[in-house]
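The next block holds one structure in the form of structure tokens; read it before the comments.
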Amino acid sequence: MKKFKRCMFIDRIRRKLVYVCLGSMLLLSACGEQNTDDLSENQIEEYLGTSVPELIDYKQFIEKQSNGEAYLIVETDFSLLKIGDRGFYPVYVGEQWDDHRVNWEWFYVSEQMDEILWYDLVNDEYYSLEEWRNSKEYRTLDDCLTIMEKSYEQQENGLMRLM
């Protein structure tokens, strides 16, 4: 229960800061070499935001489609995961609602902050950002809108059949 309360507190703080952080990420640049012992969540998330500008689009899409009821959440897990011979920090990207979350992406940021991998949850595989962007799993906002429209149509058709 303590962990849940901590997460809710952190989520409330993030909700207030997400606009500032995501908006400014593209303006920030990496400053020389990083001491990985002193990596903070903000440093990892800023590096991710700079390397994955799609997050800005995700943020705007979520806010618009939810009428401001949901927001983008970016959350770093500091349990280092070995992929190959390197250490990576998992970073969750999702849609936060008052009562639930919707998974969008999982990224893995190297402890040296010089590589980002995208995680394919279905196939349990890791891809470089370039491989991810060229894969069929990569979704643009147009793809998201198309999926939503089809989902709404299916719901409406289902309701019409019930009547």
Practice prompt. Could you tell me whether D120 and K136 have a side-chain N and a carboxylate O separated by less than 4.0 Å?
Written response: no
Value for OH (Y47) from CE (M113), rounded to nearest 0.5 Å, stands at 7.0 Å
Result for ring pair (Phe, Tyr, Trp, His ring centres under 6.0 Å) between Y127 and one of W118, W106, F107 points to W118
Distance col, row I44:CD1 vs E111:CD, nearest 0.5 angstrom, shows 10.0 Å
Notebook entry, point to check: Is there a path from V122 to Y126 through hydrophobic residues (I, L, V, M, F, W, Y) whose side chains come within less than 4.5 Å of each other?
Noted result: no
dist T76:OG1 -> E41:CD (nearest 0.5 Å) comes out at 4.5 Å
Under 3.5 Å, is there a donor-acceptor pair linking the side chains of W104 and E95? yes
Report task. Output, in order, the C-alpha distance, side-chain angles, deciding distance and verdict of side chain to side chain donor-acceptor pair (under 3.5 Å) for N42 and S40. Result -> CA-CA 5 Å; N42 284 342; S40 72; 5.1 Å; no
- Query: Do E69 and W97 have side-chain atoms, one donor and one acceptor, less than 3.5 Å apart?
  - Reply: no
Practice task
Check whether the side chains of S135 and E137 place a donor and an acceptor atom closer than 3.5 Å, and report yes or no.
Solution key: yes
Review point. Quick one: are Y89 and Y108 in side-chain contact, heavy atoms under 4.5 Å?
Key: no
Does any part of the side chain of Y92, heavy atoms only, come nearer than 4.5 Å to the side chain of R101, both counted from C-beta?
yes
With V91 as partner, the option from I116, V52, V109 fulfilling side-chain contact (heavy atoms from CB on, under 4.5 Å) is V109
